[in-house]
2 protein chains.
Amino acid sequence: MSGVLVRDRRAERRQATIDEILAAAWDLVREEGVAALSVRGLGARVGMRAQSLYVYFPSKHAIYDAMFAQANTELLGRLQDGPEPGDPITSLHRRARVFVEFCTEDPARYQLLFQRTIPGFEPSEESYAIARQVLDTTRQALGRAGLTDDAHLEVWTALTSGLVSQQLANDPGGTRFVRHLDEVIDMYLSHIKRQGRRK
Amino acid sequence: MSGVLVRDRRAERRQATIDEILAAAWDLVREEGVAALSVRGLGARVGMRAQSLYVYFPSKHAIYDAMFAQANTELLGRLQDGPEPGDPITSLHRRARVFVEFCTEDPARYQLLFQRTIPGFEPSEESYAIARQVLDTTRQALGRAGLTDDAHLEVWTALTSGLVSQQLANDPGGTRFVRHLDEVIDMYLSHIKRQGRRK
DNA sequence: GTCTATATCCAGATAGAC
DNA sequence: GTCTATCTGGATATAGAC
């Protein structure tokens, strides 16, 4: 066996560089938009020639993919952060608020994660698995509130992301649309409750 | 005065070429995505060198702008097409259906019109005026149903475009999200009605 | 009105020296 | 691990001949 050393200083150094590159990539897309990310520009940011980046990422799409995974991991963490409220309704409100905050604070990130707008980019299976985890926790949170159908999940995501996408497209940096979040959620929850009673 | 001739054959020919170029541009973005539109590729489509297109459009953004105007005009026409239903509620349902159909049948067009994702492109004042007209007719249609606040318009657009954007991003070509359109609209309308009664 | 020629610049990616 | 050098191909746009 080769596992004598617990730490691999080489691997650690490499990972640190990768993280640095990704951080620079986020800066870049926040400033110029996701579509504007270029290997050259990214290299310039981290003080390298563009070609040297290929030591860390095999292609530009691989960089997008790492960013996709990183952002989904961040979102998953935020959604699970803190104590779970006992009341499932409160929990849904809180999750929605976290989601909206996450999306509106970085439009470029939103574009990368939720709009299919980068030509030729599709997340890898591993990265997409994280996105699926996020959706699963949403499904579970809805389930605890008694919303167990696929239809519930579909409408729920449409309501929340509808407010977000309108906010980003028509009043970036403002609150004209997302300010209706709690009202829309309450409307939907009572709508479902009423439906249940009618059965 | 120079207006002796009623028809200007030269101008007609020119307009026909412009229309032909725009039609080719739509084909191209439908196939490759809005971001992939290039003057070279467009020239190849219409059987010209790229440089010749500059006789008809001063820049690539001008082409985007003409497409933006054209698509909004098309949408405006469809929304006003046919007899206005006497019942304002029926009218709202019909408008929403037309809008959803318009958006889902051409994702590239949706991206150009409603997502702010083309780097550096902003519609001209004239083109944007048409988009504002579309929104105005929506405002009026809501008004006839008693929804007269800005908040109503904001929530209304968030609901409809939320279903559309989820549809396009997660089930393009399908109906998993937009199938809930009528239910969501009815939910919102009764929500507003209930609010009115409570006052 | 379309062409050739050209300017300028940028992209992603690979080979191989050090 | 980073560099130089290079390949290949793309982009938008302008000048001027025909």
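Letters A, B, ... mirror the listed sequences (proteins, then strands); counts begin at 1.
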- Query: Closer to the 5' end of DNA chain D via nearest nucleotide, is it Arg13(A) or Ala50(B)?
  - Reply: Arg13(A)

- Message: Tell me every residue that passes side chain to side chain contact (heavy atoms under 4.5 Å, CB included) with Pro88(B), counting only those two or more places apart in sequence or in another chain.
- Response: Arg144(B), Ala145(B)

- What residues form a salt bridge (charged side-chain N to carboxylate O under 4.0 Å, His left out) with Glu20(A), not counting sequence neighbours? none

Distances under 3.5 Å between nitrogen or oxygen atoms of protein and nucleotides 7-11 of chain C:
unit_1  : atom_1 : unit_2   : atom_2 : d
dA11(C) : OP1    : Ser38(A) : OG     : 2.7
dA11(C) : OP2    : Arg40(A) : NE     : 2.8
dA11(C) : N7     : Arg40(A) : NH1    : 3.1

- Between NE2 of His61(B) and C1' of dT12(D) the distance, given in whole Å, is 11 Å

- Message: Under the side-chain hydrogen bond (donor to acceptor under 3.5 Å, both in side chains) definition, can you give me all pairs with a residue in residues 8-17 of chain B, not counting sequence neighbours?
- Response: Arg7(B)-Glu12(B), Gln15(B)-Asp19(B)

- Message: Thr73(A): which residues meet the side chain to side chain contact (heavy atoms under 4.5 Å, CB included) condition with it, sequence neighbours left out?
- Response: Ile130(A)

- Message: Among dT2(D), dT4(D), dC3(C), which nucleotide has an atom closest to any side-chain atom of Arg49(A)?
- Response: dT4(D)

- Query: Looking only at heavy atoms, which two atoms of Pro123(B) and Tyr128(B) are closest? And how far apart?
  - Reply: CG-CD1, 4.0 Å

- What residues, two or more places apart in sequence or in another chain, satisfy side chain to side chain contact (heavy atoms under 4.5 Å, CB included) together with Pro85(B)? Thr90(B), Ser91(B), Arg94(B)

- Taking only N and O in the side chain of Ser52(B), is any of them less than 4.0 Å away from OP1 or OP2 of dG1(C)? no

- Message: From CZ of Arg10(B) over to C1' of dT2(C), roughly how many Å is that when rounded to an integer?
- Response: 15 Å

Enumerate donor-acceptor pairs with a distance under 3.5 Å from any side-chain N or O in residues 107-114 of chain A to protein atoms, sequence neighbours excluded.
unit_1    : atom_1 : unit_2    : atom_2 : d
Arg109(A) : NH2    : Phe102(A) : O      : 2.6
Arg109(A) : NH2    : Glu105(A) : OE2    : 2.9
Gln111(A) : NE2    : Thr117(B) : OG1    : 2.6

Restricting both atoms to N or O, compile the protein contacts to nucleotides 14-18 of chain C shorter than 3.5 Å, with distance only.
none

- Task: Check DNA chain C against residues 24-31 of chain A and give the residues with a non-hydrogen atom under 4.0 Å, in numerical order.
- Result: none

- When all nucleic acid strands are considered with a 4.0 Å heavy-atom cut-off, which category describes Ser59(A): base, sugar-phosphate, or nothing? sugar-phosphate

- Message: Test of understanding: with side chain to side chain contact (heavy atoms under 4.5 Å, CB included), list the residues that count as partners of Arg139(B), not counting sequence neighbours.
- Response: Leu135(B), Asp136(B), Asp150(B), Leu153(B)

- Query: Can you list every ring-ring contact (aromatic ring centres under 6.0 Å, His included) pair that touches residues 10-59 of chain B, not counting sequence neighbours?
  - Reply: none

- Task: Could you state the atom-to-atom distance from CZ of Arg14(A) to C1' of dG1(D) in whole Å?
- Result: 10 Å

- Item | ring-ring contact (aromatic ring centres under 6.0 Å, His included) partners for Phe177(A), two or more places apart | none

- Task: Report which part of the nucleic acid Phe57(B) touches: base, sugar-phosphate, or nothing (heavy-atom distance under 4.0 Å, all strands).
- Result: nothing

